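Beneath this line is the structure, given in C-alpha cells, with notes to follow.
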Amino acid sequence: QILERQTLRVEDIVYSDSLAEEESASALQKEAAAGPMKDEIQIVHAREHNLKNISVNIPRNALTVISGVSGSGKSTLAFDILFSEGQRRYLESLNAYARQFVQPSSRPEVDAVFGIPPTVAIEQRTSRGGRKSTVGTLTEIHHFLRLLFVKLGHQHCPDCNIPIAPQPADSIVASILKDYKKQTVGLLAPLVIQRKGIYQDLAKWADARGHDYLRVDGEFQPTAKFPRLDRYKEHTIELPVGSVDVSAKEEGLLRDLVATALERGQGSLKLICMATSEERLFSTKRACPSCSKSLPEPEPRLFSYNTKLGWCPACTGTGLFAAALAEEESGEEDKYLEATNDPEADPELACVECDGARLGPIARHILVNGQGIHEVSKQSLDTLPGWLSTVRKKFNAREKAIADRLLNEIEARVDFLRSVGLGYLSLDRAAPTLSGGEA
Ligand SMILES: [Zn+2]
Ligand SMILES: [Zn+2]
C-alpha cells in the first residue's frame, strides 16, 4: 500500500474560538448528521490543554505529519486526543474482566471524534543514559574503541611524553645491534632520576667498587673528587658501565654490558651513541625510562570516565571545569573568572586538566596511530572511516589479527549512524545535549 503524505499545520487549522455557543452546537449537529466521512478521522472542537477549539480531518491509511511551533499543541492532538480516545474506545469494547487490568484514560476535552480505530502510540525514547553518557557509550563504539586502545595502544609517560614499552634484555640487545650497527655506544645505568640531594655517599660507593666516574646531569664527574652538588636541585646520576663497538662479533660483550647496566639501573639503561651524542633509554619494566614513573598495564577501566581509575581526577570524568579546583588554586580561579567575564564564553567550561577529554593522564597518553582515544572521539563520525582505514593499514599481521573484529564492530556502527544522517556527531558528544530525534 502506498502511503500518501499529507501535512497538517496546526496554525493552518481553522480556529473556531469566535463561534458563539449556539453556533458551535449547531455546527456539531451538522457535522454529526453528515456522519463520519469514509477513510477519515474527524476531530471536532478539541480543547484539551493548549488546543483552541480546533477541528481537523485526518486521512486514514496515509502518513500524516503534524507540524507547528513549539507549544502549539502537536503532541496534545496526537497523544492526548487521537491516541488516547482510540485506546479508550477500544478498552471500553472489552469485557469487564479484561478491563480490570488496564486503567482507561479519561475522556479528552473534545466535542466529538469520528471514524477512529484502535490506536497504538510509539513515543520518542526519553531515556538517554546517565549524565556522563556520550554518543560513543550509547552506541557501544567507545566500548570497542577502548579495547583497541588497551590491546594495541602505545603507552607514553604522561609527564615526559616518551614511549613506554617493557622489553626483555634480549630484545634490547637486538635493537641495539640493529639500530647502532658499526657505531660505538656507551651504556650507563641510571642510579638517580631527578631527585634532590648531594650524593656524596653514592660517589664513595662507586669509587670503592672501582668506578672512576659518574655522569651527573649529563657531565662526567670523577668519583674520587666528587663535586658538591646543589642540595636543593634535582639531579640525575648515571653509572657508566662500559662501551662497545656494535657488531655481531662483539655481541657477547654487548650482552654482558646490557645485563650489568639493567641490573645496576634496576631495569633501565641509557645508551649514548658516541658519534651522534644521541641518548636513548631502554627499560625492562613498564616504567618511564626518563622519570622512572611506573605505569599500570592498560586495561579497559583506564578508559572509562565512570571509574576512579579512568576519570580525570580534576573533573571526575565530566570534562567540565571543576569549581572546587578553582577555590584551591588561585591561578585557576583567575583563569575561570577571566573566562566567565567574557560574554561569548560557554557557561560550561572545559576542565583545565583534561580539556574536556574526561579521562586521566595515563589513558590520554596511550596512543593508536599517534592519537589518544579522546582525540579520536572528537572527530565527527563522517571522518572516522578514514581514521579506521589508516589504522588498519598500519597494523602488522599480529596486530591486524587482534584488531580486525574490533574494527569491524566499530565500522558497522559508524556506517549505520552515518546512513541515518548522524555523521556530523562526534563520539564524545554528551548524550544530554542530543535532541530527541538524535537520541
Ligand atoms: Zn616520565
Ligand atoms: Zn578533567
Side-chain angles (χ1 to χ4, degrees), residues 130-134 136-137 142 146 153-167 188-196 217-218 234-238 265-271 279-298 301-329 331-333 335-336 339-340 345-367 372-378 426-430 432-433:
R131 104 198 131 92
K132 280 185 186 172
S133 293
T134 62
T137 59
H142 184 78
R146 74 182 191 179
H154 296 288
Q155 198 164 21
H156 289 65
C157 172
D159 299 325
C160 317
N161 213 14
I162 58 173
I164 314 286
Q167 44 185 342
L188 303 98
L191 300 180
V192 174
I193 295 168
Q194 297 200 349
R195 282 180 174 278
K196 289 172 186 167
D217 303 327
E234 289 171 344
H235 302 289
T236 295
I237 302 177
E238 293 147 335
Q266 298 188 336
S268 294
L269 75 79
K270 180 176 272 182
L271 172 147
E279 296 186 14
R280 184 159 156 196
L281 291 147
F282 292 92
S283 176
T284 56
K285 295 182 299 183
R286 196 175 284 276
C288 174
S290 173
C291 69
S292 84
K293 184 189 183 102
S294 80
L295 295 163
E297 196 158 326
R301 279 186 306 163
L302 215 50
F303 294 96
S304 163
Y305 30 75
N306 287 317
T307 67
K308 198 173 177 183
L309 197 69
W311 70 39
C312 164
C315 63
T316 62
T318 61
L320 301 175
F321 187 87
L325 189 75
E327 284 159 23
E328 282 166 23
E329 295 174 36
E332 309 275 42
E333 192 178 14
K335 205 168 171 184
Y336 177 72
T340 46
D346 194 315
E348 296 204 319
L349 285 170
C351 166
V352 180
E353 276 295 307
C354 65
D355 195 24
R358 297 162 179 254
L359 293 172
I362 294 167
R364 295 203 308 273
H365 286 83
I366 296 175
L367 313 179
I373 195 168
H374 57 293
E375 290 165 306
V376 175
S377 301
K378 222 179 244 176
S426 62
L427 292 176
D428 66 358
R429 173 75 178 271
T433 69

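Whatever order the structure lists them in is the order used to number ligands and atoms, beginning at 1. The model shown is predicted, which means the values in this text are computed figures rather than measured ones.
The salt bridge (charged side-chain N to carboxylate O under 4.0 Å, His left out) search around Arg429 returns Glu438, not counting sequence neighbours. For His156, the side chain to side chain contact (heavy atoms under 4.5 Å, CB included) test picks out His154, Asn161, Pro163, His365, Leu367, with sequence neighbours left out. The side chain to side chain contact (heavy atoms under 4.5 Å, CB included) search around Ser377 returns Leu145, Ile373, Leu427, Asp428, not counting sequence neighbours.
The closest donor-acceptor contact from the side chain of Arg364 to the backbone of Leu359 lies under 3.5 Å.
Around the Zn ion (ligand 2), protein N, O or S atoms at less than 2.8 Å number 4.
Relative to the ring axis of Tyr305, Arg358 places its NZ or CZ within 45° and under 6.0 Å from the centre.
Rounded to 10°, the angle formed at the Zn ion (ligand 1) by SG of Cys157 and SG of Cys160 is 110°.
Within a 6.0 Å radius of CZ in Arg280, other residues, nucleotides and ligands contribute more than 12 heavy atoms.
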